[in-house]
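See structure below.
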Amino acid sequence: MTVRVRVAPSPTGDPHVGTAYMSLFNLAFARQQGGSFVLRVEDTDRARFRADSEQQVYDTLRWLGLDWDEGPDRGGPYAPYRQSERLDTYRPHVERLLADGHAYHCWCSPERLQQMREDQQRRKVPTGYDRLCHGKSRDERAALPGFAETPVVRLLVPEDPPLTFTDLVRGEVSAPRPDDQVLLKTDGFPTYHLAVVVDDHLMGITHVVRGEEWISSTPKHLLLYDFLGWERPQFAHMPLLRNPDKSKISKRKNPAARLTWFLEEGYLPEALLNFLGLLGYSLPDAEQEVFTFDEMSASFDWGRVNTVGPVFDLDKLGWLNGHYLRELPEDELLARLLPFLQRDGLVADPPTADQRALLAAAVPLVQTRIALLRDAGPLLRFALVDEAEFAVDPAAAEKVLVAGTDDVLAAAADALEPVAQWDTEHVQAALDGALIDGLGLKRGKAYAPVRVAVCGATVAPPLPESMALLGKERTLARLRAAVALVAG
RNA sequence: GUCCCCAUCGUCCAGCGGCCUAGGACUCCACCCUUUCAAGGUGGCUACGCGGGUUCGAAUCCCGUUGGGGGCACCA
């Protein structure tokens, strides 16, 4: 038997981080088993449907390297892979359930159902459909209140439905007894419960990997498999990613719930992927926390998946991201940084030759100083900005460029003026000669005002390197300007 | 309310009856390095929710309790 797994996002907005989480585990398992990873779009909710969402799912998943073998965009033996295009596929199965007496029509209006539910809550009894329509013809039902012309199809749950199943991560699990679920909506679309079972079966899905939130719905699906005479797949219910307050991760409470957020912030896909693999999971050698997808996949084991929902902790992801950032070759880091610098308006698209040269020298300076790709802009702004737009940060100026520092700045400028070979070593030699040997200052004290004058901030890449980056002319101009500022 | 799932440092993870006076990582703190900031190095703080069992022995098994989470839609 060939393993086939699937991820099934619903195109209802920004792709959710949970989709990437499920995809990672699905794919790790599929690759290990030499099986297939199927992407199916579950767009049966036309009310919440958003046209641009599907493409975003593709983009973010591909960005992470979680590529699928079959899907709406690339086809496959079980096309179409979009549920909205499979309406005809579901119909005969509904007819069969109806014919076998495992399903029935229901004409209850939304208002009646709402009222029924409220009433049940008030009486503190379990909520669920009361089967008013069961066994009635259209005309019999029409005589009763709360009637709607277009019926839905409901599953007739028997007295003793199957409630337990074996889960790959949890072992034996028992779930709640379902009420009579709607299978086919008035708009002719199937509900998730019907569509997922029909599609998983027809598409040969062998392992259903989904979030823990689906455990309580699983009996509905088991029932459908049984009624339709189909073999059940294996289930693996993954723990739910959590907000810091332990609730299920949500876009409302957590920006990280949106997959596109990680791109915007400048996280590396390899870091995010590694991090997701660390949530609710560990390699057989748990001490190894930095690992590739291939390493995870090779040793993958459902038994090592946790049952506890992990809090999505940005601190650790930030550290991992920095780690991967530091391992990148310089030219690769530059390539990844470029879009962010362009977004900040610091570099032209495409970059000029001057900018290219400057960036090549600047990248090693920021590599150990950034945690996110977007952090490079602020650090390099002093060198990339148009000279006319350069300004010393007022707070830094007030704190560091105090009375008396004009002598230090002037001495630095004078010493740098004759430097012919403008590179880090010669700049530092001139600087140290004038300030440490000449003025008798400690390096830390001496560099502080110079740094603010040249870089415009108290925090910047190392000073001689920054000056080398900036060039002699601009460095001297900034020093002279600062002298005037302090003196005046 | 009801049903279900879960329970080790602040967070992520190790531990699947004795190797645990509980290990690693992140965060935090201190120190070292140091021209700022980082990075790097060294060290440190902090956890088996509680109560009963079972056992020679329990973080590990069982029960209860407490706490957290999820489901209970013509949403997925």
Side-chain angles (χ1 to χ4, degrees), chain A residues 8-10 12 42-45 47-48 106 108 110 113-114 117 120-128 148 150-154 163 167 170 173-179 181-187 189-193 195-196 210-219 237 239-240 242 244-248 275 278-290 303-304 306-320 322 326 365-371 379 400 428 431-432 435-436 442-448 450-452 455 457-464:
Chain A
S10 49
T12 53
E42 310 212 311
D43 54 350
T44 54
D45 184 354
R48 293 199 306 163
C106 171
C108 288
L113 293 174
Q114 164 110 23
R117 231 169 272 127
Q120 287 166 338
Q121 297 230 319
R122 202 173 321 110
R123 283 163 38 218
K124 299 188 196 299
V125 298
T127 52
T150 312
V152 299
V153 175
R154 280 184 190 274
L163 298 178
D167 189 273
R170 283 153 219 274
V173 175
S174 62
R177 184 183 195 288
D179 69 338
Q181 294 298 303
V182 171
L183 299 177
L184 198 66
K185 305 187 259 187
T186 50
D187 63 5
F189 278 67
T191 57
Y192 169 83
H193 304 299
V196 76
R210 69 210 327 184
E212 180 186 354
E213 73 231 81
W214 292 107
I215 289 179
S216 47
S217 291
T218 304
H237 287 96
L240 252 27
R242 316 283 190 101
D245 69 0
K246 306 275 192 190
S247 59
K248 177 165 83 165
F275 181 64
L278 243 23
L279 295 178
Y281 190 71
S282 59
L283 296 190
D285 171 18
E287 311 274 278
Q288 188 191 349
E289 297 199 302
V290 177
R304 295 194 66 82
N306 274 159
T307 47
V308 208
V311 170
F312 198 98
D313 175 28
L314 255 17
D315 278 339
K316 187 150 186 172
L317 173 59
W319 168 80
L320 248 189
R326 270 165 250 130
L365 299 182
V366 297
Q367 190 152 24
T368 60
R369 294 182 167 76
I370 57 175
L379 227 40
V400 179
Q428 171 146 18
L431 229 36
D432 287 356
L435 307 181
I436 299 177
K442 302 260 282 181
R443 184 138 57 195
K445 186 138 177 95
Y447 279 17
V450 182
R451 176 177 297 108
V452 170
C455 297
T458 54
V459 173
L463 187 56

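All figures in this text were calculated on a predicted structure; none of them were measured in a lab. Lettering of chains follows the sequences in order, A, B, ..., and the numbering in each one begins at 1.
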Partner lookup for rU42(B), please. Criteria are Watson-Crick or G-U wobble with both distances under 3.5 angstrom; report none if nothing qualifies. rA30(B)
Rounded interatomic separation in angstrom, taking CZ from Arg177(A) and C1' from rC3(B): 12 Å
Could you please name the partner base of rA7(B), counting Watson-Crick and G-U wobble pairs only when both distances are under 3.5 Å? rU66(B)
Contact check, side chains of Val173(A) and Thr218(A), non-hydrogen atoms, under 4.5 Å: no
Whole-Å distance between rC28(B) P and Lys316(A) NZ? 14 Å
Less than 4.5 Å apart, any side-chain heavy atom of Cys106(A) and any of Val152(A)? yes
Between Asn306(A) and rC6(B), is there a side-chain N or O to OP1/OP2 distance below 4.0 Å? no
Counting the atoms with a prime plus P, OP1 and OP2 as sugar-phosphate, which does Pro462(A) contact under 4.0 Å by heavy atoms, base, sugar-phosphate, or nothing? base
What interatomic distance, in whole Å, is found between C1' of rU60(B) and the corresponding atom of rA22(B)? 11 Å
How is Gly303(A) classified with respect to the nucleic acid when contacts are heavy atoms under 4.0 Å: base, sugar-phosphate, or nothing? nothing
With both distances kept under 3.5 Å, what pairs with rC75(B), Watson-Crick or G-U wobble? none
Once you apply the 3.5 Å cut-off to both distances, tell me the Watson-Crick or G-U wobble partner of rU55(B), or none. none
Reading RNA chain B from 5' onward, which residue's closest nucleotide shows up sooner: Gly444(A) or Lys124(A)? Lys124(A)
Searching all strands shown, indicate the nucleotide that pairs with rG23(B) (Watson-Crick or G-U wobble; both distances under 3.5 Å). rC13(B)
For a quick check of understanding: with a heavy-atom distance under 4.0 Å over all strands, which category does Arg304(A) fall into, base, sugar-phosphate or nothing? sugar-phosphate
Assign the ring pair Trp214(A) / Tyr192(A) to parallel, tilted or perpendicular, where the plane angle (0 to 90°) is split at 30° and 60°. parallel
Over how many whole Å does the gap from Glu287(A) atom CD to rC12(B) atom P extend? 18 Å
Within the structure shown, what part of the strands sits under 4.0 Å from Leu278(A) by heavy-atom distance: base, sugar-phosphate, or nothing? sugar-phosphate
Just wondering, do Arg369(A) and Pro462(A) contact through their side chains at under 4.5 Å, heavy atoms? yes
Can you check the distance between rC45(B) and rG10(B), where both ends of the measurement are the P atom (answer in whole Å)? 14 Å
Hey, is Lys316(A) close enough to Asp313(A) for a salt bridge, meaning N to O under 4.0 Å? no
Within the 4.0 Å heavy-atom criterion, would you say Pro178(A) contacts the bases, only the backbone, or no part of the nucleic acid? nothing
Whole angstrom is fine here: how far is it from CG in Leu320(A) over to C1' in rU27(B)? 13 Å
Using the C1' atoms only, state how far rC62(B) lies from rU54(B), rounded to an integer number of Å. 7 Å
Which value, in whole Å, describes the distance between the C1' atoms of nucleotides rA58(B) and rU21(B)? 16 Å
For atom CG of Leu431(A) and atom P of rU36(B), their distance in whole Å: 14 Å
Complementary nucleotide of rU36(B), counting Watson-Crick and G-U pairs under 3.5 Å: none
Does Arg443(A) put a side-chain nitrogen or oxygen below 4.0 Å from OP1 or OP2 of rU35(B)? yes
Would you say Arg326(A) places a side-chain N or O within less than 4.0 Å of OP1 or OP2 belonging to rG40(B)? yes
Touch class at under 4.0 angstrom, heavy-atom based, for Ala448(A) against every strand present: nothing
Within a strict 4.5 Å, meaning less than it, do heavy atoms of the Pro284(A) and Arg304(A) side chains meet? yes
Heavy atoms, side chains only, cut-off 4.5 Å: are Val400(A) and Arg451(A) in contact? no
Given atom CD of Gln120(A) and atom P of rU2(B), what is their separation to the nearest angstrom? 14 Å
Do Val452(A) and Thr458(A) make a side-chain contact, defined as non-hydrogen atoms from C-beta onward lying under 4.5 Å apart? yes
Pairwise P distance for rU46(B) and rG64(B), with rounding to whole Å: 34 Å
Quick check: on RNA chain B, is the nucleotide nearest Pro464(A) upstream (toward 5') of the one nearest Gly309(A), or the reverse? Name the residue that is more 5'. Gly309(A)
Just by protein heavy atoms under 4.0 Å, how would nucleotides 67-76 of chain B read 5' to 3' in B, S and -? -SSSSBSBBB
Interatomic distance at C1', rG24(B) relative to rC6(B), whole Å: 24 Å
Could you tell me how far rU27(B) sits from rA38(B) if I compare only their P atoms? Round to whole Å. 12 Å
Which whole number of Å gives the distance between the C1' atom of rC3(B) and that of rU8(B)? 28 Å
What is the nucleic acid contact for Thr458(A), judged by heavy atoms within less than 4.0 Å: base, sugar-phosphate only, or nothing? base
How many Å lie between OH on Tyr447(A) and P on rC37(B), as a whole number? 15 Å
Can you identify which nucleotide, out of rU35(B), rA25(B), rA14(B), has its nearest atom closest to the Trp319(A) side chain? rA25(B)
Using side-chain heavy atoms (C-beta onward) and a distance below 4.5 Å, is Pro464(A) in contact with Tyr447(A)? yes
Could you check if a side-chain atom of His237(A) sits within less than 4.5 angstrom of a side-chain atom of Arg210(A), using non-hydrogen atoms only? yes
Let me know the distance between CG of Asp313(A) and C1' of rC28(B), rounded to the nearest Å. 13 Å
Of the listed nucleotides (rG24(B), rU35(B), rC4(B)), which one gets closest to any side-chain atom of Ile215(A)? rC4(B)
